[in-house]
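Report on one structure; see the data block that follows.
Counting convention: from 1, in listed order, for ligands and their atoms alike. Each residue takes its place number in the sequence, starting with 1. Model, not experiment: these values are computed from the prediction.
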Amino acid sequence: MSDKPIIWTISGSDCSAGAGIAADLRTGHSFGVEVCTISTANTTQNSKQFYAVNATDIAILEEQAQALLEDKFPRVIKIGLIANDKQAKWLYNLLKDLKARHDILVVYDPVGQASVGGVMSTANQAFSTGFYPYIDIITPNLSEAQNITGETDTTKQAKAFKQLGISTVIIKGGHSDDDSCTDICYHATDNIGDNGEHVYCLSSDKINTRYSHGGGCSFASAVAACLAQGYLVRDAITLAKAFINQGLHANLGKMEHYGAFEQTQFPTNPAMFPRVVDNIQQRFSQLPAFKPLNLSPNQSLGIYPVIGSIEWLEKLLPLNFNIIQLRLKDKSQATIEAEIKRAVELAKDYPNTRLFINDYWQLAITHGAYGVHIGQEDLLDTDLAAINRAGLRLGISTHGCYEFLLAQQLQPSYLAVGAIFPTKTKDMTGQIQGVQTLTHLLSLKADIPVVAIGGISIERAPSVWQTGVDSIAVVTAITEASDYVEASKVLQGITGVGE
Ligand SMILES: Cc1ncc(COP(=O)(O)OP(=O)(O)O)c(N)n1
Ligand SMILES: Cc1ncsc1CCOP(=O)(O)O
């Protein structure tokens, strides 16, 4: 049996194979998931006209669901065309039952109208919104969002969907009249932010092609596939948008007639990724790039010890590292200031070692450290302009492609990616990247060094270094080694830097 994650698509079949189940199958293949199908309708259509929808009997839908439950249990269910009230009611019962017993996610792409015109579903509003409390993510385009909610403003649309029971709403801007296409995701969770909601906004230039039939289905199934692969919502929508851009780009300039969207490979080409439109990025968009790390040509950063005390700094400074970070936790403000001041003084005797201070950017400026390291969640409270003006270097933590792109737009001195592996040093639940995601992120890198951090032991360091990353940051691989000098040497040997 395949060890790929399984998603189900409960959608219609399109005889021209552009949209619906055919699009979902091809998209799932691109993202490395197995797609099982429950076909709600056999539709007759081509790229010019929509002819007919032949809804599947409930008994058949039920039979197929039961067969799949026996040995193809899904991590994520993607729903597309629901052809009538009876199907909406059946879906309500299925999702209610499954969600009560299992931890599965449900992504719904509301399909009412064919893109070539023609009504595909006769389900009335009350029935088709009845199953909304069991939907985790809905992906309407602007007009679908307006038709369902009766609102024209996207914030109000998101609120209306929330009242209908859906916590994550992605409103796709592909059909807007602008030159750009902006998707907005309202993602409500129980534990994040003041009002428990994040807004992710991704924008791309319009791509000139009419080969877009099935693009909406492909976006929703790409989101479903990414969630099944363990990506967070913000990364799933970023990858799905890059996938759509890439597929549209494959048929750039074909404007003579309407054609099928082309599902290409897993997206790694940076030119296909969207711009992140975010408060932080907008606030600091005019800042010049942060100073680079002044490495000589072909010089690598190598091993980056992250340590929690002056004692450790004194031990490691003589060991010829290109970079060290002082990460002070659980200390009084007076101690923190005294230690940062002392650290900067000590580092003066080691001009080849760049001293970064974690979090305390004002003290780093006051005492003239080489650089500061700022976490994603601290970015909003940090005056990046002040750091930039003071000439300090800036490192930013990122956890996945959304944050990576956001941070890269700020042009810092380096980007950190973590946690690569589970680590006992910090709670990184839900944010473990793995070596494969690190490799994907490196393909998005501009001319800014990338540091990998999190759970990197001596044994794991070679596989991380082989990705081509510029630096490996470690805490316990050095601080908990029985012989920290020997451990430092072994790690430096793996990177070939500082030996
Ligand atoms: C090189 C490097 N990468 C990531 C981190 C983590 O920083 P942050 O997100 O600010 O979290 P804390 O270190 O404050 O727990 C880092 N310190 N260094
Ligand atoms: C500070 C930090 N940020 C992301 S993972 C991590 C801890 C890294 O520690 P270790 O190298 O011991 O896993």
Side-chain angles (χ1 to χ4, degrees), residues 192 280 290 293 300-309 312-313 316 321-331 336 339-340 343 353-364 369-382 384 387 392-400 402-404 406-408 410 412-435 437-438 441 448-461 463-465 469-481 484 487-488 490-491 494-495:
I192 308 175
I280 303 165
F290 284 82
L293 296 176
S300 229
L301 264 184
I303 298 298
Y304 182 179
V306 175
I307 39 106
S309 69
W312 270 111
L313 186 65
L316 296 187
F321 290 105
N322 284 332
I323 181 166
I324 296 184
Q325 181 186 135
L326 184 63
R327 175 175 177 263
L328 300 173
K329 299 282 172 192
D330 307 322
K331 299 201 174 180
I336 286 165
E339 295 206 3
I340 289 175
T353 304
R354 297 154 181 81
L355 176 69
F356 275 74
I357 304 296
N358 183 229
D359 290 345
Y360 299 100
W361 56 273
Q362 288 107 328
L363 293 174
Y370 181 87
V372 288
H373 181 93
I374 304 290
Q376 268 300 313
E377 62 280 13
D378 299 323
L379 274 178
L380 256 185
D381 303 324
T382 303
L384 296 182
I387 298 171
L392 268 66
R393 272 73 175 178
L394 173 70
I396 303 180
S397 300
T398 73
H399 318 87
Y402 177 90
E403 291 185 351
F404 189 90
L406 163 62
Q408 188 157 258
L410 298 168
S413 316
Y414 74 77
L415 290 162
V417 174
I420 307 302
F421 302 104
T423 166
K424 59 181 181 176
T425 307
K426 181 174 175 177
D427 181 8
M428 297 298 293
T429 314
Q431 311 212 68
I432 305 302
Q433 307 300 320
V435 171
T437 295
L438 173 64
L441 293 178
I448 298 174
V450 173
V451 177
I453 186 168
I456 307 178
S457 57
I458 287 179
E459 294 71 33
R460 285 167 165 168
S463 68
V464 178
W465 192 247
V469 76
D470 301 277
S471 174
I472 291 179
V474 292
V475 179
T476 48
I478 288 180
T479 59
E480 290 188 9
Y484 71 90
S488 299
V490 174
L491 285 163
I494 291 167
T495 61

Could you say whether the N/O atoms of Glu377 and ligand 1 ever approach to under 3.5 Å?
no
In ligand 1, which numbered atoms sit nearer than 4.0 Å to a non-hydrogen atom of Gln325?
1 (C), 2 (C), 16 (C), 17 (N), 18 (N)
Within residues 449-461 or reaching into it, pairs that qualify as salt bridge (charged side-chain N to carboxylate O under 4.0 Å, His left out) - sequence neighbours excluded
none
Report yes or no: does Glu480 contribute a side-chain atom to a donor-acceptor pair with the main-chain N or O of Ile478 at less than 3.5 Å?
no
For ligand 1, which atoms sit closer than 4.0 Å to a heavy atom of Lys329?
12 (P), 14 (O), 15 (O)
Atom 9 (O) of ligand 1 has as its nearest protein heavy atom Ser397 OG, 2.9 Å
Ligand 1 to Gln376 polar contact by distance, N or O atoms, under 3.5 Å:
no
Determine whether the aromatic ring centres of residues Phe356 and Tyr370 are separated by less than 6.0 angstrom.
yes
Under 4.5 Å between any side-chain heavy atoms of Leu491 and Ile456, yes or no?
no
Under 4.0 Å from any heavy atom of Lys426, which atoms of ligand 1 are there?
8 (P), 9 (O), 11 (O), 12 (P), 15 (O)
Polar-atom distance check: Asn358 versus ligand 1, any N or O pair below 3.5 Å?
yes
Of all protein heavy atoms, the one nearest atom 1 (C) of ligand 1 is Tyr304 CE1, 3.6 Å
Any Leu313 side-chain heavy atom under 4.5 Å of Leu355 side chain:
yes
Answer yes or no: does an N/O atom from His399 fall short of 3.5 Å to an N/O atom of ligand 1?
no
I need the atoms of ligand 1 closer than 4.0 Å to a non-hydrogen atom of Asp359, numbered in the order shown.
10 (O), 14 (O)
closest protein heavy atom to atom 13 (O) of ligand 1 is Arg327 NE, 2.6 Å
Indicate yes or no for a side-chain donor-acceptor contact from Asp470 to the backbone of Val450 under 3.5 Å, with no hydrogens or angles considered.
yes
Among residues at least two apart in sequence or on other chains, which ones pass ring-ring contact (aromatic ring centres under 6.0 Å, His included) with His373?
Tyr414
Which pairs of N or O atoms, one from ligand 2 and one from the protein, are separated by less than 3.5 Å, and what is the distance for each pair?
residue	atom	partner	partner atom	Å
ligand 2	9 (O)	Thr425	OG1	3.2
ligand 2	11 (O)	Val475	N	2.9
ligand 2	12 (O)	Thr425	OG1	2.5
ligand 2	12 (O)	Thr476	N	3.0
ligand 2	12 (O)	Thr476	OG1	2.6
ligand 2	13 (O)	Thr423	OG1	2.6
ligand 2	13 (O)	Gly455	N	2.7

Take Ile448 and Phe290 through the side-chain contact (heavy atoms from CB on, under 4.5 Å) test and state the conclusion after the steps.
CA-CA 10 Å; Ile448 298 174; Phe290 284 82; over 6 Å; no
Tell me the protein heavy atom at minimum distance from atom 2 (C) of ligand 1, and give that distance in Å.
His373 CE1, 3.3 Å
Could you check if a side-chain atom of Leu379 sits within less than 4.5 angstrom of a side-chain atom of Leu410, using non-hydrogen atoms only?
yes
Under 4.0 Å from one or more heavy atoms of Gly375, ligand 1 contributes atoms 8 (P), 9 (O), 10 (O)
Counterpart residues, side chain to side chain donor-acceptor pair (under 3.5 Å), relative to Gln362 (two or more places apart)
none
Can you find a pair of side-chain heavy atoms, one from Phe421 and one from Val464, that are under 4.5 Å apart?
yes
Nearest 0.5 Å, please: how far is CG in Asn322 from OG1 in Thr353?
7.0 Å
